[in-house]
Amino acid sequence: VRTIIPWMETKRIIRMNTLFAERFWPLVAGILGTVLGIVLYNFNYVLYISSSILSSGITVGAIFAGFDVTHKTLLITLNSNKIKQIENVKSYYNYLIGYMNANLKGALIFVIYSFILLHMIDSNQIFNLKEHWWKPFAFALWLGCGTYMCTAFWRISSIFTVLLKKKSV
C-alpha cells in the first residue's frame, strides 16, 4: 500500500476535481439561486416581479444567447495552432462544445420562461407572488434559471479569455 501519491497521480486528481467543479458549478449556482428565491419570498423581501424586470430578463437572455454565437464564431476563427492545442486534449474540446451548448440552452430557456411569466402579469403590470400558491415557486425557478444562465456565460467567457491570451506554440 502506497502512502505517498506520485506527483503525476496527484496532478491528475487535481485536474479531475477542477474539471468536475468547472462542469457543475453553474448547475449548483442555479440550484442555490432557486433556494435563494424561496428564502427571499418566505422573509417577504420579494412579493412581486414587475413587467419591466421580466422584459429586462428577456433582453439579457437574448444578449447572452447572441454572445454564445459569437463565442462559437471565435472558436472557428481562432489561430489554427490554438485549435490544434485544444483538439490535442480531445475530451476538453468536447467539454468546451458542451459548455457552449449548455450556455445557449440556458439563455433560451430563461428567455422563454421570462416570456411566459410576462404574459401572466395582472392588470397592475406585476406578477404578484401572493396571488397563487405556485407563484413563489415560479419566481424561485426564474431566479435559478437566471443564475444558471449568468454562471454558464461566465464559464464560457472565462475559458475564451484564457484561450485568447494563450500564446501559440
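Every residue two or more places apart in sequence or in another chain was checked for a side-chain hydrogen bond (donor to acceptor under 3.5 Å, both in side chains) with Thr70, and none qualifies. Residues satisfying the side-chain contact (heavy atoms from CB on, under 4.5 Å) test with Leu32, not counting sequence neighbours, are Val28. For Val39, the side-chain contact (heavy atoms from CB on, under 4.5 Å) partners at least two apart in sequence or on another chain are Val35, Phe43.
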Just distance, no hydrogens or angles: give the donor-acceptor pairs under 3.5 Å from side chains in residues 145-152, sequence neighbours left out.
from: Thr147; atom 1: OG1; to: Leu143; atom 2: O; distance (Å): 2.8
from: Thr151; atom 1: OG1; to: Thr147; atom 2: O; distance (Å): 2.9
from: Thr151; atom 1: OG1; to: Tyr148; atom 2: O; distance (Å): 3.1

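Centroid-to-centroid, the aromatic rings of Phe67 and Phe153 come within less than 6.0 Å.
Atom CD1 in Ile58 sits 10.0 Å away from atom CD1 in Ile116 (nearest 0.5 Å). Here CZ of Phe137 is found 5.5 Å from CD1 of Ile38. Values are rounded to the nearest 0.5 Å. To the nearest 0.5 Å, atom CG of residue Asn103 and atom CD1 of residue Ile159 are 10.0 Å apart. Thr73 contributes atom OG1, which lies 9.5 Å from atom CG of Asp68 (distance to the nearest 0.5 angstrom).
At a cut-off of 3.5 Å, with distance as the only test, no side-chain donor of Glu22 or Tyr95 sits close to an acceptor on the other residue.
Summarising the local packing, NZ of Lys105 is surrounded by 12 or fewer heavy atoms from other residues, nucleotides or ligands at distances under 6.0 Å. Residue-environment remark: CH2 (Trp133) stays at or below the threshold of 12 foreign heavy atoms within 6.0 Å.
Leu108 forms part of a hydrophobic cluster together with Leu104, judged by ILVMFWY side-chain heavy-atom separations under 4.5 Å. Alongside Val69, the hydrophobic cluster contains no other residue (criterion: ILVMFWY side chains under 4.5 Å).
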